[in-house]
Q: 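Quick one: structure below, then a few questions.
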Amino acid sequence: MRALRVVGLDEDGESVICEDPENGERFTVPADERLRAAARGDLTRLGQVQIEMEAQMRPREIQARIRSGASVAQIAEASGIPEHRVERYAYPVLLERAQIAEMSQRAHPVREDGPDVQTLGEVVAHTFGMRGHDYAEANWGSWRGEDGKWVVQLTWQAGRSENRAHWVFHPGAHGGTVAALDDHAADLLDPSPNRPLRTVRPVTELAREALQLDQQAQPVPERVEEPVVAQRPEAPTLDLDAGLPPAEPVAEPTAEEGAEGASAEAAEDDAQRKAEPRRGRKSHPIVPSWEDVLLGVRSHR
């Protein structure tokens, strides 16, 4: 044991600085009630302080907190007791928690028709294989809840997210039974591929576009509209008789006047035939025949 000498009080006023006279190494000692009692030589007060500090966290309370799920570091930080002293009382409880987590894997999940034939470890390993997860990297743990029942937890990594599933474990014959406490635990107990799985990664931009295309591809009921018959405008009627003076009645000719008119028309037709030239023949120049040329005569045709 090395002897130290007191250098002084630290700047915060809560610790005393000591120094090793041989090598100059410095140390700090908390300036608490125990140091004050030891400096005064008050052994009675020093013992009382030691009892009061240990009374803040008794071994039974340390074990109760460990059994309910607290860690050694959490208890050491809350109580101010060094971790190696907490571990002395926490070790048996930590061993008990590990044994319960191992026993729960051999328990049978409770379903609607009763306990399953397979164990919890077999069902979870099968589901992990179907989903492409590594079952060897999953961690099992347990603790006792406020109601006195053991809670089993499974932790695994999927992508960048850390997932947790919880069951309540009832020890009993043939390994006992487990029941799911949350959605992750219920999903692991149902390895059916038709069951919609919970998404692990956020929806990407391509997935959003695919969803929009699927929604657009759905047939939309067309609205049947009745054909509209266009009404044709009525054509205005043309009244030919409008604006004309009324026609005068024509007197019918008598029989004598009809005979005279017929004879006059016949005479006019004869005169027109005589006045018109004949259209049957056309005037062509007369060509003498070969005999007329030899004999030197002209034929009168």
Side-chain angles (χ1 to χ4, degrees), residues 30 32-34 48-111 114-116 118-125 127-128 133-158 160-190 198 200:
D32 53 6
E33 187 64 26
R34 290 184 299 175
Q48 292 176 354
V49 172
Q50 185 72 19
I51 294 173
E52 289 176 0
M53 293 188 64
E54 292 182 355
Q56 294 178 0
M57 187 72 67
R58 296 183 179 276
R60 182 174 297 179
E61 186 177 356
I62 293 175
Q63 291 182 349
R65 292 193 180 188
I66 294 293
R67 189 175 284 108
S68 62
S71 63
V72 174
Q74 292 174 348
I75 294 177
E77 183 180 358
S79 61
I81 303 175
E83 290 189 8
H84 68 276
R85 294 189 59 185
V86 177
E87 290 177 353
R88 185 187 307 172
Y89 307 109
Y91 178 77
V93 183
L94 293 175
L95 183 60
E96 180 185 10
R97 289 173 54 181
Q99 292 177 351
I100 294 295
E102 185 178 356
M103 290 172 57
S104 64
Q105 300 179 45
R106 297 192 294 268
H108 300 273
V110 177
R111 301 185 181 275
D116 197 345
Q118 293 181 326
T119 62
L120 176 63
E122 294 173 350
V123 174
V124 173
T127 305
F128 269 49
H133 301 328
D134 191 359
Y135 180 71
E137 295 182 358
N139 297 320
W140 291 88
S142 67
W143 66 83
R144 180 174 287 179
E146 297 179 356
D147 55 356
K149 298 179 181 179
W150 283 101
V151 178
V152 181
Q153 175 181 272
L154 176 63
T155 307
W156 75 96
Q157 194 82 14
R160 294 186 178 180
S161 62
E162 184 176 355
N163 303 312
R164 293 183 177 87
H166 301 89
W167 295 269
V168 57
F169 173 51
H170 301 280
H174 307 288
T177 58
V178 289
L181 293 178
D182 50 26
D183 294 338
H184 281 294
D187 292 342
L188 291 176
L189 293 181
D190 190 358
R198 298 174 61 89
V200 177

Q: Just how far is it from atom CD1 of Ile75 to atom CZ of Arg85, taken to the nearest 0.5 Å?
A: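 Rounded to the nearest 0.5 Å, the CD1-CZ separation comes to 13.5 Å.
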Q: For residues 147-156, pull every pair meeting salt bridge (Lys or Arg N to Asp or Glu O under 4.0 Å), keeping only residues two or more places apart or in separate chains.
A: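 Checked against salt bridge (Lys or Arg N to Asp or Glu O under 4.0 Å) - neighbours excluded - no pair reaches residues 147-156.
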Q: Do Leu120 and Trp140 come close enough that some side-chain heavy atom pair is under 4.5 Å?
A: yes
Q: Which residues pass the salt bridge (charged side-chain N to carboxylate O under 4.0 Å, His left out) test with Arg97, sequence neighbours left out?
A: none
Q: Would you say the side-chain atoms of Gln105 pair up with the backbone N or O of Thr119, donor to acceptor, closer than 3.5 Å?
A: no
Q: How many angstroms lie between CZ in Arg164 and CG in Asn139, if you round to the nearest 0.5 Å?
A: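 Arg164 CZ to Asn139 CG: 10.5 Å, rounded to 0.5 Å.
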Q: Can you give me every donor-acceptor pair (side chain of residues 166-178, partner residue at least two apart or in another chain, under 3.5 Å) with its distance?
A:
unit_1	atom_1	unit_2	atom_2	d
His166	ND1	Asp182	OD2	2.9
His166	NE2	Gln153	OE1	2.9

Q: Can you name the closest pair of heavy atoms from Ala186 and Ala180 and give their distance?
A: N-CB, 3.8 Å
Q: Might you point out which heavy atoms bring Ala90 and Val72 nearest each other, and give the distance in Å?
A: CB-CG2, 4.0 Å
Q: Applying side-chain contact (heavy atoms from CB on, under 4.5 Å), can you list everything that pairs with Ala125, at least two apart in sequence or on another chain?
A: Tyr135
Q: Kindly give the heavy-atom pair with the smallest separation between Ala101 and Ser142, and that separation in Å.
A: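 Of all heavy-atom pairs spanning Ala101 and Ser142, the closest is N-OG, 3.6 Å.
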Q: Please report the closest heavy-atom contact between Ala76 and Pro82, naming both atoms and the distance.
A: CB-C, 4.5 Å
Q: For residues 67-77, pull every pair meeting side-chain hydrogen bond (donor to acceptor under 3.5 Å, both in side chains), keeping only residues two or more places apart or in separate chains.
A: Arg67-Glu96
Q: State whether the number of non-hydrogen atoms from other residues, nucleotides or ligands found under 6.0 Å of Gln157 atom CD is greater than 12.
A: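 Buried by this count: over 12 neighbours within 6.0 Å.
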Q: To the nearest 0.5 angstrom, please state how far the CZ atom of Phe128 sits from the CD atom of Glu137.
A: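 These two atoms lie 10.0 Å from each other.
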Q: Who pairs with Arg144 by side-chain hydrogen bond (donor to acceptor under 3.5 Å, both in side chains), at least two apart in sequence or on another chain?
A: none
Q: Thr127 pairs by side chain to side chain contact (heavy atoms under 4.5 Å, CB included) with which of Asp187, Leu189, Leu188?
A: Leu188
Q: I'd like to check Tyr89 versus Arg65 (side-chain heavy atoms, cut-off strictly below 4.5 Å). Are they in contact?
A: no
